[in-house]
Amino acid sequence: RPGYNGLHAGAVADDLEGLDEFDTDAANLQAWMDCFGLDQPYWSRQVARRTLLVGLSTTRFRQSPFSSHEVYIPPEQVAWLRHTLEAHPAEEGWSVLVFSHAP
């Protein structure tokens with residue numbers, strides 16, 4: 001996968017503000033996922049012993065009801081995150097960095 005020093009490129013760059021390039025948020029999101037070789041707009045990667053990076057992404061921009069800069073993490077991402085955190089418990093020495101990017 002593309003990246004910087006072994007980090008997934010999604011950790012350092014994402015953007016859903018392609019107002020002139022895409023007609024819908026779904027098309028914009030798909031182009032972003034295709035660019036980084038993702039099947040879904042979230043991912044995790046173990047970067048060191050018991051150290052996990054988790055990336056979440058907003059999935060809408062134009063369709064946000066209050067502001068185009070509103071972060072929306074859909075229920076399936078939240079469920080995936082919950083499962084991922086449960087599988088990597090702090091009690092077993094895991095450090096998990098979770099981040100998201102708003103467009």
Side-chain angles (χ1 to χ4, degrees):
R1 295 186 188 234
Y4 300 89
N5 295 327
L7 290 179
H8 189 280
V12 295
D14 68 52
D15 193 349
L16 290 181
E17 293 191 45
L19 289 174
D20 298 332
E21 300 172 66
F22 304 98
D23 293 330
T24 66
D25 288 345
N28 197 343
L29 184 62
Q30 186 63 56
W32 176 80
M33 291 187 306
D34 291 347
C35 184
F36 293 113
L38 297 172
D39 296 327
Q40 66 275 332
Y42 49 93
W43 55 271
S44 67
R45 179 159 184 188
Q46 187 172 343
V47 294
R49 186 175 184 275
R50 298 194 184 275
T51 304
L52 191 70
L53 295 182
V54 173
L56 304 175
S57 181
T58 189
T59 58
R60 64 187 186 198
F61 174 64
R62 295 162 196 80
Q63 297 170 331
S64 294
F66 302 109
S67 169
S68 62
H69 298 287
E70 171 185 330
V71 175
Y72 174 75
I73 304 297
E76 62 270 13
Q77 277 192 56
V78 175
W80 174 85
L81 175 61
R82 183 173 289 115
H83 173 76
T84 300
L85 293 174
E86 289 170 355
H88 300 87
E91 296 80 16
E92 293 180 12
W94 281 93
S95 295
V96 179
L97 173 63
V98 179
F99 59 94
S100 177
H101 179 265

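Owing to the predicted nature of the structure, the values given are computational and were not obtained by experimental measurement.
- Note that CD of Gln46 and CH2 of Trp94 are 3.5 Å apart. Values are rounded to the nearest 0.5 Å.
- Distance check: Ser57 OG to Phe99 CZ gives 10.0 Å after rounding to the nearest 0.5 Å.
- The closest side-chain heavy-atom distance from Gln30 to Asp34 is below 4.5 Å.
- Tyr72 and Trp43 fall into different hydrophobic clusters, defined by Ile, Leu, Val, Met, Phe, Trp and Tyr side-chain heavy atoms under 4.5 Å apart, directly or through other members.
- Across every non-hydrogen atom of Thr58 and Leu29, the tightest pair is O-CD1, 4.1 Å.
- Closest approach of Trp32 and Pro41 over heavy atoms only: CZ3-CA, 3.8 Å.
- Thr84 contributes no side-chain N or O that, together with a main-chain N or O of Arg82, makes up a donor-acceptor pair within less than 3.5 Å.
- In this structure the side chain of Ile73 never reaches within 4.5 angstrom of the side chain of Trp80, judged on heavy atoms.
- Taking CD from Gln40 and CD from Glu76, the interatomic distance works out to 10.0 Å, rounded to the nearest 0.5 Å.
- Of the inter-residue distances, the one linking Leu52 atom CG with His88 atom NE2 reads 5.0 Å to the nearest 0.5 angstrom.
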